[in-house]
Amino acid sequence: MQVELSTDPGSPGRPNEDFAAIAPGVAVLLDGAGTPAGRDSGCTHGVAWFARTVGGLLLTGAQDRGVSLTEALGTAIRQVASQHSGTCDLKNPCTPSATVLVARAHGSDLEYLILADSVMLFQLGEGEFRVMTDPRLDEALAGLRPDYRQLPPGSPEREAGWQHHVCEVYERRNQPGGYWVAAADPAAAEHAIAGTAPLAGLDAVALLSDGAGRLADRYGRATWPEIGGILSRYGPAEAISRLRAVEAADPLGSRWPRTKIRDDATIVYWRIC
């Protein structure tokens with residue numbers, strides 16, 4: 001198992017709400033969903049605590065090959081829900097949550113689990129790549145019109161528009177016909193996308209948090225095969241460096257309107273030996 005891991009927080013003054021960890025034959029990445037400014041999550045612990053606690057328990061559970069990745073995730077969510085103090089309101093629609101990626105070698109296969117919009121990139125050899133993600137967030141939000149993005153960055157009008165949009169997004173979270181993330185309800189694990197790929201056909205697999213994938217899916221400054229090539233030749237730190245250079249060239253979000261000028265960015269790159 002040959003793995004490289006790089007992470008970079010979006011804001012120096014805020015905790016990194018991504019979590020990534022590795023054990024023999026297992027890689028885990030969670031991308032915590034930050035609570036918007038001015039909104040109460042109902043939790044005294046915070047998103048970073050949630051991501052690393054679920055992630056650590058998930059990594060432990062996933063090392064038992066007799067347990068499915070879906071079961072391991074459901075158990076981790078259940079255990080973390082029990083660790084919240086009595087003052088935490090787990091029914092709050094903004095309760096801490098996270099996207100989840102897991103890759104696990106099991107016999108002759110690589111098992112994978114994907115929940116929400118982080119990306120898993122399979123390198124199949126000879127420059128061929130396969131992008132895997134959970135499309136349900138985009139599908140659930142397709143009817144929404146985030147008009148706030150057209151308003152001046154930092155303006156009260158944009159902030160009000162963003163807050164309204166957030167409410168619409170959270171109303172669709174962990175609901176039939178909506179999208180699913182790891183939060184307080186372990187049943188969300190049953191809605192994860194899970195499958196297998198033959199190890200013999202894989203050169204590498206990469207796990208990218210939403211912030212790290214922006215270079216392709218938000219900014220269009222690289223294709224997924226190009227990102228795969230960067231990871232293969234130079235490693236994940238270089239991919240994040242190129243992402244940050246693009247964001248530095250648009251410091252106000254004028255070219256690419258976005259709420260977070262820089263998001264936490266984390267990449268795990270696992271070469272299949």
Side-chain angles (χ1 to χ4, degrees), residues 1 3-7 15-34 41 43 45-84 88 90 95-107 109-122 132-134 136-137 173-174 179-197 205-213 236 264-270:
M1 185 176 186
V3 181
E4 295 178 75
L5 190 160
S6 291
T7 187
N16 190 334
E17 294 173 341
D18 288 351
F19 172 88
I22 302 155
V26 183
V28 169
L29 191 154
L30 279 74
D31 182 349
S41 71
C43 175
H45 300 90
V47 174
W49 172 87
F50 177 81
R52 68 174 177 263
T53 308
V54 172
L57 290 167
L58 175 57
L59 182 71
T60 299
Q63 292 177 73
D64 182 351
R65 269 47 175 195
V67 174
S68 72
L69 296 181
T70 299
E71 291 172 318
L73 176 58
T75 298
I77 294 172
R78 184 180 300 106
Q79 290 174 327
V80 173
S82 71
Q83 291 183 32
H84 282 273
C88 294
L90 299 185
T95 193
S97 64
T99 71
V100 182
L101 297 174
V102 188
R104 178 173 73 178
H106 189 185
D109 291 327
L110 182 84
E111 299 175 323
Y112 61 84
L113 179 144
I114 303 169
L115 186 64
D117 61 338
S118 293
V119 171
M120 195 171 289
L121 184 63
F122 294 97
M132 295 286 293
T133 190
D134 183 345
R136 288 171 293 185
L137 175 59
R173 187 176 74 165
N174 289 357
Y179 65 99
W180 301 86
V181 295
D185 185 357
E190 299 294 333
H191 297 273
I193 296 171
T196 61
V205 61
L207 286 61
L208 298 92
S209 67
D210 177 60
D264 301 329
T266 303
I267 302 175
V268 177
Y269 184 66
W270 177 358

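In this chain, numbering begins with 1 at the start of the sequence shown.
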Review point. What heavy-atom pair brings Ala48 and Glu17 nearest, and what distance separates the two atoms?
Key: N-CG, 4.0 Å

**Study point:** Results of side chain to side chain contact (heavy atoms under 4.5 Å, CB included) for Ala265 - residues two or more places apart only
**Key:** Ala212, Ile240, Leu243, Arg244

Study note, to complete from the structure: Residues at least two apart in sequence or cross-chain that pass salt bridge (charged side-chain N to carboxylate O under 4.0 Å, His left out) with Arg52, listed by chain then number, are none

Practice item. Give the minimum heavy-atom separation between Leu57 and Ala76, together with the two atoms involved. Key: CB-CB, 3.9 Å

Exercise for review: Tell me, please, which residues at least two apart from Asp134 pass salt bridge (charged side-chain N to carboxylate O under 4.0 Å, His left out).
Suggested key: Arg136

Check your understanding: Under the 3.5 angstrom rule, does the side chain of Thr75 hit a backbone N or O of Ala72 as a donor-acceptor pair?
Key -> no

Exercise for review: Over all heavy atoms of both residues, which pair between Ala189 and Gly74 is shortest? Give the atoms and the distance, please.
Suggested key: CB-N, 3.5 Å

Can you give the donor-acceptor pairs under 3.5 Å from side chains of residues 20-29 to other protein atoms, not counting sequence neighbours?
none

Point to revise | Straight-line distance of Phe19 CZ to Leu59 CG, nearest 0.5 Å | key: 6.5 Å

Check your understanding: Would you say the side-chain atoms of Thr53 pair up with the backbone N or O of Val80, donor to acceptor, closer than 3.5 Å?
Key -> no

Point to revise | Residue pairs passing the side chain to side chain donor-acceptor pair (under 3.5 Å) test where at least one lies in residues 55-73, sequence neighbours excluded | key: Ser68-Glu71

Check your understanding: Which distance, rounded to the nearest 0.5 Å, do you find between the OH of Tyr112 and the CE of Met120?
Key -> 8.5 Å

Exercise for review: Return each pair, listed once, that meets side chain to side chain donor-acceptor pair (under 3.5 Å) where at least one residue sits in residues 180-192; pairs must be two or more places apart or across chains.
Suggested key: none

Point to revise | Sequence neighbours excluded, every pair satisfying ring-ring contact (aromatic ring centres under 6.0 Å, His included) that has a member inside residues 46-83 | key: His45-Trp49, Trp49-His84

Point to revise | pair Val54-Leu30: side-chain heavy atoms closer than 4.5 Å | key: yes

Revision key, fill the gap. Residues passing the side chain to side chain contact (heavy atoms under 4.5 Å, CB included) test with Asp210, sequence neighbours excluded, are Asp31, Asp117, Asp263

Study note, to complete from the structure: Residue set satisfying side-chain hydrogen bond (donor to acceptor under 3.5 Å, both in side chains) with Tyr269, at least two apart, ordered chain then number -> Gln123

Study note, to complete from the structure: Correct closest heavy-atom pair for Ala81 and Ala184 would be CB-O, 3.8 Å

**Study point:** Gap between atom CG of Leu5 and atom CH2 of Trp270 - 0.5 Å precision
**Key:** 13.0 Å

Revision key, fill the gap. What one should report as the nearest heavy-atom pair of Asn174 and Ala183 is ND2-CB, 3.9 Å

Study note, to complete from the structure: Heavy-atom closest pair (Val100 atom, Ala182 atom, distance to 0.1 Å) is CG2-CB, 3.8 Å

Point to revise | Thr7 and Asp18 side chains, donor-acceptor separation under 3.5 Å | key: no

Point to revise | ring-ring contact (aromatic ring centres under 6.0 Å, His included) pairs, two or more places apart, involving residues 53-78 | key: none

Review point. How long is the gap from CG on Leu101 to OG1 on Thr266, to the nearest 0.5 Å?
Key: 10.5 Å

Check your understanding: What pairs with Glu111 under side chain to side chain contact (heavy atoms under 4.5 Å, CB included), at least two apart in sequence or on another chain?
Key -> Leu69, Arg104, His106, Thr196

Point to revise | Counterpart residues, side-chain hydrogen bond (donor to acceptor under 3.5 Å, both in side chains), relative to Thr99 (two or more places apart) | key: Ser118

